Amino acid sequence: MTSTPLHPLRAEEISAWDFEADVVIAGNGIAGVSASIEAARAGADVLVLERTGGWGGAASLSGGILYLGGGTPLQKALGFEDTPENMKTFMAAALGPGTDDAKLTEYCEGSVDHYNWLVENGVVFKESFWGEPGWEIPGDDGLMYSGGENAAPFNEIATPAPRGHVPQMSNKRTGEQGGGYMIMKPLAETAEKLGVKSEYDVRVQRLIVDDTGRVVGISAKRYGKDLHVRARRGVVLATGSFAYNQEMVEAYAPKLIGKPGAAVEEHDGRGIRMAQALGADLAHMDATEVAFFGDPQLLARGILVNARGQRYVPEDTYPGRIGQLTLFENGNQAFLVIDEAAYEEGCATQSSTAYFRYPPKWAAETVEELEAEMGLPAGTLQATVEVYNRHAANGEDPVLGKKSEWVKPIGTPVAALDLRNFTAGFTLGGLRTTVDSEVLHVSGEPIPGLFAAGRCTSGVCAGGYASGTSLGDGSFFGRRAGISAAKG
């Protein structure tokens, strides 16, 4: 259970304020820094409270993919056509069920403008396309498919267009100085130039309200000392997900128990709980991203089967979709069946996740022998491979729709990688907000003075996920939060 109080403090109980600002923002990741920039440009005095010792949050440790489209200058420069309507069609299909139509519409129609905003604030995108399967771009290319847009079934629902925009980086070190860092650094520098002030090592605890119920500040702690921070116009929560709050995961997203995959352990759901104590509504709390720890270059060249020896996903799709289908619908049981030639070919390619190229656990001269060694029900894998190979001889996959470029008959010798329980993820649900990032009360009305963005809210993802939607909607609606809060 929560060890510290969550119920709001009354402003009349505060004898002295330790800090004051027009807009107070909790969290200095992608949503928080975007909010701070726009609030400052709207003329507000801005203070950011950050739990850690510096800016960045989970965003700075991420791969740095921003999900943008609708015809961005980068898409156009590289010869890809896209429209807001086409982008929305894909997102509604891939990120549902239950997507917020109003948010999707605003996000897709405003995507080109948001790309330009990022560039104007110092984020650099190289005009080059990475077209290979992968979680991330291994080099410094600027554009990739990051959500399975070009894979079945989505390539039949909407015209495929790559929307994974990745900032150019030098001396790339994933998890240290990757694409996420190259987004956060220029944005943090922009905020500093605009006069945004920051206080670090500050843990927010409770919201502070006046006698009308309006949020007017935040109660926090630093090194055990209580701090009371006044917000003259508004408070913005940008505190991240609840992936590392065991109690909340068990209550809302139990399939992620023991499998947190957020970049930072500070994603403890505190901001969500603080707002709940005021009656804030929640949405899609069971929604989760699921990473699958297999190398996409190998996955595309083999077939993934479950514990019944059956295929269940087109292997050339977005690996996050593979992760969700593996964990949610197949008991976290997965095996990659691949022949020797395909395995060697895949291992020779460039990849950002070469460390996911595990050696096969089983190898055999025939599929029948492999099936027996794996302990699968007799005949199941044989039947799966026979059907796959029959159609693969013609470069087709009518069962699941894998693209012809990856469809080749499985030969011998043949092997299998044991990928059971190779998943982890982070939560996607959170506070229900408007398109202007107002936090909604369970009554449906905005809570006066309270705004939120990023992974502590329910954004454009309601069930599915595409890489880049967290940084994309976090920064997009973070901007909205800053503008709204500055208006007071």
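Model, not experiment: these values are computed from the prediction. Atoms considered below: every heavy atom in the structure, side chains included; atoms not considered: hydrogens, waters and symmetry mates.
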Q. Looking only at side chains, do Y67 and S467 share a donor and an acceptor under 3.5 Å apart?
A. no
Q. Do we see a donor-acceptor contact under 3.5 Å between the side chains of T190 and R41?
A. no
(Q) Is it the case that the side chains of D436 and T434 hold a donor-acceptor pair, with the cut-off being a distance below 3.5 Å and no angle test? (A) no
**Q.** Parallel, tilted or perpendicular, as decided by the 30° and 60° cut-offs, for the rings of Y358 and F356
**A.** tilted
**Q.** D201 and K221 ion-paired at < 4.0 Å
**A.** no
Q: Name all pairs fulfilling the side chain to side chain donor-acceptor pair (under 3.5 Å) condition that reach into residues 447-459, sequence neighbours left out, sorted by first residue then second.
A: R455-S470
Q.
Are L6 and M274 packed together at the side-chain level, in the sense that at least one heavy-atom pair is separated by less than 4.5 angstrom?
A. yes
Q.
Less than 3.5 Å apart, any donor N or O on the side chain of E445 or S443 sitting next to an acceptor on the other?
A. no
Q. Quick check, are the ring centers of F154 and Y145 under 6.0 angstrom apart?
A. no
Q) Under 4.0 Å between a Lys/Arg side-chain N and an Asp/Glu carboxylate O for R432 and D100? A) no
Q. Does a side chain donor of either T288 or K255 reach within less than 3.5 Å of an acceptor in the other side chain?
A. no
Q) With the threshold set at 4.0 Å, does a side-chain nitrogen-carboxylate oxygen contact exist between R163 and D82? A) yes
**Q.** Q324 side chain to R321 side chain, donor-acceptor N/O pair below 3.5 angstrom
**A.** no
Q) Do Q168 and V123 come close enough that some side-chain heavy atom pair is under 4.5 Å? A) no
Q. Is any NZ, NE, NH1 or NH2 atom of the basic residue among D45 and K197 found under 4.0 Å from an Asp or Glu carboxylate oxygen of the other?
A. yes
